[in-house]
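Read through the structure below, which is laid out as structure tokens, and then see the notes.
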Amino acid sequence: MKNKYDVLVIGGGPAGALAAKTAVEEGLSACLVEKRPAIGAPVRCAEGIGKEALHEFAEPDPRWISAVMTGASIVAPDGFSMKLESHLAGNKVGYILDRKFFDRELVWKAAEAGADIAIKSRASSPIIEKGHVKGAKIESCGSVKNVTADVVIAADGVESKFSRWCGIDTTVPVREIMSSVQYVMADIDIDPHSTVFYLGNEVAPEGYLWIFPKGERSANVGIGISGKKSGEGHRAKDYLDRFVKKTFPRGKPIEYIAGGVSVCRPLDCTVSDGLIIAGDAARVVDPLTGGGIYNGMYTGRLAAKVATECIGKGDVSKNALMVYDTTWRASKMGKAIERNYHIKEYLIKQPDSKLNEIIHSVSKINLKEFTTLSLIKEIISINPKLMLELGALAASIS
Amino acid sequence: MLKVHRDICGYCGCCVSVCPEGALELIDAYLCVEENCTSCGICAKVCPLGALEVADEK
């Protein structure tokens, strides 16, 4: 690790890896720091990603694809199951990754492109001069070093501490944190090519429970519930254990993962003087699905592109870096976040009876595009009165 | 004061993201509670595993 870089990236997840890789490919010097001793571990993710979303960044590689998905099921609170398939039967619609290897591959690529990588290295405070972020103090295996940079890209995940130290309020409202637990389970009876989502206040209040296959008889079985609904005796782990005991009494957990997923709106502003915030740290997780891998990679790459442009022009002020903020908000991703936020807000207010009604209205949907938007459109076309209930939001869907 | 049950903690960072004071920090697998913690209990509520507890000061 040197004392100075064009770009310093905090965090070695997908957002940080794409930021570091893109920065060096654009001709800048870059260093990525990861506080943990290993890239990719521990996993804090259900590992699902859509086909198109992944293909934008990488060609699927069997080393980090755990399973290929061809469909999904949604289980209503009363147990009724609705099946979603591609209009082309057997068509791939998404993947379940193996994040331990996927993240490692992304950082590998950043390293091979020329980025410096420092593991077990923690940004413990920002270096700020006259309100301008100029780098970070890095604590690395017992030594402390000031590393300066023209632009710092904060990709430090759900904790988002670095931006907070820079004066940006990254606190997630209690009702908008998904308090989550997941087991990787072995020796269970599942459909190995279909994800399953369970909805309902008894199963997962203001959240959902998922089964994401990892192999023929193995899956990520997890749950996220609203922080508002969490408390002693009714935590995410309590709900998940109850489900697992009932559904997979002979299954064997081989990994135990906890996590927090933000389903709030993104930060009001994702840049500051000398600072760009990317991925989960910027709260750009999809508020409806909780998915953040693509959004992390997209914002990480964009952050590095904007940093390159601004460094080239000699202006890394908040004003100049704002291009990053306005670009992602206007992007397909930004619009999806805004729309899905409203859909999430609508759905969490519905009683189980309403969710049952919606899911019963259709038992099988063949989707041309396997996206949440296509699904919502199909459901609305079958239940036209939903359009009225959705009010102003309806316009953004149709 | 806030008590961390380290045998239960899954060091996931869920609590860090909701702390209104910014008093929690996860250093690898170790959750640090800083002096500005007000024992508000928000973190204890959202913890997916029940690893945090606001204990009475006596």
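Below, read A as the first sequence line, B as the second, and so on, with proteins coming before strands; counting in each chain starts at 1.
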Describe, in one word, how the ring planes of A/W210 and A/F212 are oriented to each other, choosing from parallel (under 30°), tilted (30 to 60°) and perpendicular (over 60°).
tilted
How close do B/V46 and A/G227 get, counting heavy atoms only, and between which atoms?
CG1-CA, 3.8 Å
Give, as side chain, backbone, both or neither, the part of A/S180 having an atom under 4.5 angstrom from any heavy atom of chain B.
backbone
Within residues 278-292 of chain A, contacts to chain B at heavy-atom distances under 4.5 Å involve A/R283
So is B/R6 actually on top of B/Y30's ring, under 6.0 Å and inside 45° of the axis?
yes
With a 4.5 angstrom heavy-atom cut-off, which part of B/I42 approaches chain A: side chain, backbone, both or neither?
side chain
Would you mind reporting whether A/V147 and A/C31 have side-chain heavy atoms less than 4.5 Å apart?
no
Contact leader toward chain B among A/S160, A/A258, A/P42, where contacts are heavy-atom pairs under 4.5 Å:
A/A258
Greatest number of non-hydrogen atom pairs under 4.5 angstrom with chain B, of A/G231, A/G157, A/G259, falls to A/G259
Could you tell me whether B/E34 and A/K161 make a salt bridge, using a distance below 4.0 angstrom between a side-chain N and a carboxylate O?
no
Checking A/Y239 against chain B: side chain, backbone, both or neither under 4.5 Å from a heavy atom?
neither
Minimal non-hydrogen separation, A/R175 against A/S226, with atom names:
O-OG, 3.1 Å
With the side chain counted from C-beta on, respond yes when A/V244 and A/L240 share a heavy-atom pair under 4.5 Å apart, and no when they do not.
yes
For A/L199 and A/G207, work out which heavy atoms get closest and say how close.
CD2-O, 4.2 Å
Which one wins on heavy-atom pair count under 4.5 Å against chain B: A/G224, A/P173, A/G233, A/P37?
A/P37
Examine whether an atom of B/C47 lies under 4.5 Å from a heavy atom of chain A, and if so say whether it belongs to the side chain, the backbone or both; otherwise answer neither.
both
Quick check for you: among A/A236, A/G260, A/S179, which has the greatest number of heavy-atom pairs under 4.5 Å with chain B?
A/S179
Between B/G10, B/G22, B/P20, which residue shows the highest count of heavy-atom pairs closer than 4.5 Å to chain A?
B/G22
What part of A/R36 gets within 4.5 angstrom of chain B, counting heavy atoms only: side chain, backbone, both, or neither?
both
What option among B/C19, B/A29, B/C14, B/S17 has the most heavy-atom pairs under 4.5 Å with chain A?
B/S17
Of all heavy-atom pairs linking A/L267 and A/D169, the shortest is CD2-O, 3.8 Å
Less than 4.0 angstrom from a charged side-chain N to a carboxylate O is my criterion; do A/R99 and A/E47 meet it?
no
Salt-bridge criterion met for A/R164 and B/E25 (N-O under 4.0 Å):
no
